[in-house]
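All remarks here apply to the structure that follows.
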Amino acid sequence: MQRDSGAGDATPGTPSPTHGGRLRHRKRSSEVLSDVNKANGANLLLNDQNKYKSMLVRTYSSLWMMAGFVFLIYMGHLYIWAMVVVIQIFMAKELFNLLRKANEDRQLPGFRMLNWHFFFTAMLFTYGRFLSRQLVNTVTSDKLLYKLVSGVIKYQMFICYFLYIAGFVWFIVTLKKKAYKYQFSQYAWTHMILLMVFAQSSFTVANIFDGIFWFLLPASLIAINDVAAYFFGFFFGKTPLIKLSPKKTWEGFIGASVTTMLSAFVLANFMGHFQWLTCPRKDLSTGWLHCDPGPMFTPESYSLPGWMPQWFPWREVAIMPVQWHALALGLFASIIAPFGGFFASGFKRAFKFKDFGDSIPGHGGFTDRMDCQMVMAVFAYIYYQSFVMVQDLSVETILEQILRNLTVEEQHDLYEQLGKLLARAN
């Protein structure tokens with residue numbers, strides 16, 4: 001068939017092309033196509049025949065994820081935490097599998113379990129630090145369980161360190177000749193996953209218990225920025241943004257930034273009216289929350305400037321102070337957080353694979369969706385601790401410290417000493 005086609009294309013008087021000639025012809029054709037694509041690089045996305053099918057698949061899976069996410073927000077803090085843990089496990093599975101080699105793994109039975117040993121040790125250490133206070137507050141009514149939990153919390157760092165050392169010894173003992181390079185590369189890769197992925201995304205849990213608002217708003221801004229960048233780039237993208245992500249465009253980046261900033265300001269006002277989102281969770285219960293919203297979520301009136309037209313119906317607007325903080329979150333989500341995605345794109349290009357996984361149709365793996373979320377979670381935690389959280393001591397804070405650090409006998413002794421001091425004062 002190839003010979004007949006080649007003969008039919010040849011003109012009279014022209015010698016039949018050799019095999020080498022056909023190869024040169026094919027190479028020349030690919031170069032022409034490459035030149036055409038470069039010349040029309042600005043319209044590459046617009047000329048993609050499969051883009052609408054891809055968009056439908058991506059939109060369909062996004063709607064399912066959004067529905068599940070809203071349901072978990074309604075269920076509360078513990079269920080959101082469980083979702084974060086499940087996502088982290090899927091991310092770890094995807095990343096552990098990236099650099100594995102089947103031949104080497106067959107020669108190292110049980111070596112994969114070592115990765116998960118380090119993973120769950122890091123989980124115990126990180127979540128133990130974040131959730132110890134909530135755990136103590138939950139079990140104060142049961143003395144036996146309280147003593148058990150208090151002991152675990154007191155020796156948590158030692159337990160985690162012992163588990164890590166056990167993994168370290170396990171790794172050394174299982175070293176095999178001719179597999180040293182592979183084993184040490186896997187050891188380093190596992191620690192990179194724990195540092196760059198798990199440690200960052202674990203800050204999300206702290207944000208959840210400080211108030212779902214401080215988890216939901218940053219996560220929503222990343223999702224809005226990603227969707228807006230996709231659609232602005234889909235319909236208007238012409239100017240490439242960065243070589244690491246060829247489909248990223250300046251039009252998508254700028255359009256997404258404006259959309260994210262506006263959404264941050266509006267969403268903060270909307271979410272700020274729900275105590276379920278704004279109240280911090282002090283224990284691991286699932287009951288409804290009631291709290292004083294505080295000045296951060298109390299609207300303040302602002303008079304509009306005099307140059308506003310007379311037909312404009314409002315002369316004052318009510319703005320929550322948290323909305324100004326939301327603008328800072330929106331700015332970070334628009335400018336800095338996308339670099340988490342660029343980092344992931346560069347990593348994928350370095351190892352020549354398209355996606356980290358195929359768990360989510362149209363999106364790739366969980367890691368592909370969480371690259372920017374991890375960067376955003378750390379910033380949201382640091383921003384809240386630095387600029388939003390009230391640092392002064394309160395009766396509630398002191399009581400939490402007493403419950404966390406004193407035994408039952410020491411609490412009784414403190415109670416008696418306070419009673420004597422109050423009796424003297426009266």
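- For Tyr79, there are no ring pair (Phe, Tyr, Trp, His ring centres under 6.0 Å) partners, not counting sequence neighbours.
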Using side chain to side chain contact (heavy atoms under 4.5 Å, CB included), reason through Phe366 and Leu95 one step at a time and then give a plain yes or no.
CA-CA 10 Å; Phe366 280 90; Leu95 293 171; over 6 Å; no

List the steps, then state whether side chain to side chain contact (heavy atoms under 4.5 Å, CB included) holds for Met374 with Met91.
CA-CA 12 Å; Met374 293 184 295; Met91 290 174 64; 3.6 Å; yes

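- In this structure, Trp250 and Phe253 have perpendicular ring planes: the angle between them is above 60°, well past the 30° mark.
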Side-chain donor-acceptor distances from residues 322-336 under 3.5 Å, at least two apart:
residue, atom, partner, partner atom, Å
Gln323, OE1, Asn269, ND2, 3.0
Gln323, OE1, Met320, N, 2.8
Gln323, NE2, Phe265, O, 2.8
His325, ND1, Tyr383, OH, 2.7
Ser334, OG, Gly330, O, 2.8

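- Atom CE of residue Met376 and atom OG of residue Ser220 lie 10.0 Å apart, to the nearest 0.5 angstrom.
- A distance of 6.0 Å or more separates the ring centres of Tyr381 and Tyr384.
- For Trp189 and Phe347, the ring centers sit closer than 6.0 Å to each other.
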Report the C-alpha distance between Phe342 and Phe339 in whole Å, list the side-chain angles of each, state the deciding distance to 0.1 Å, and finish with yes or no for ring pair (Phe, Tyr, Trp, His ring centres under 6.0 Å).
CA-CA 5 Å; Phe342 299 152; Phe339 280 86; 5.2 Å; yes

Given the rule in the side chain to side chain contact (heavy atoms under 4.5 Å, CB included) test, do Thr249 and Thr239 qualify, once you have shown the distances and angles that lead to the verdict?
CA-CA 5 Å; Thr249 62; Thr239 311; 5.5 Å; no

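- One N or O on the side chain of Trp276 and one on the backbone of Ile73 form a donor-acceptor pair closer than 3.5 Å.
- Between Phe184 and Phe171, the distance separating the two ring centers is shorter than 6.0 angstrom.
- Listed by chain and residue number, Cys291 satisfy the disulfide (SG to SG under 2.5 Å) test with Cys279 (two or more places apart in sequence, or in another chain).
- Ring geometry, Tyr182 versus Phe111: the interplanar angle falls from 30° to 60°, so the pair is classed tilted.
- No donor-acceptor distance shorter than 3.5 angstrom exists from the side chain of Asp226 to the backbone of Ile222, with no hydrogens or angles considered.
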From CA spacing to verdict: side chain to side chain contact (heavy atoms under 4.5 Å, CB included), Phe69, Met83
CA-CA 9 Å; Phe69 185 70; Met83 176 195 69; 3.9 Å; yes

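- Between the Gln156 side chain and the Phe125 main chain, a donor and an acceptor come within less than 3.5 Å of each other.
- Using bins of under 30°, 30° to 60° and over 60° for the plane-to-plane angle, the ring pair Phe235/Phe231 lands in the parallel bin.
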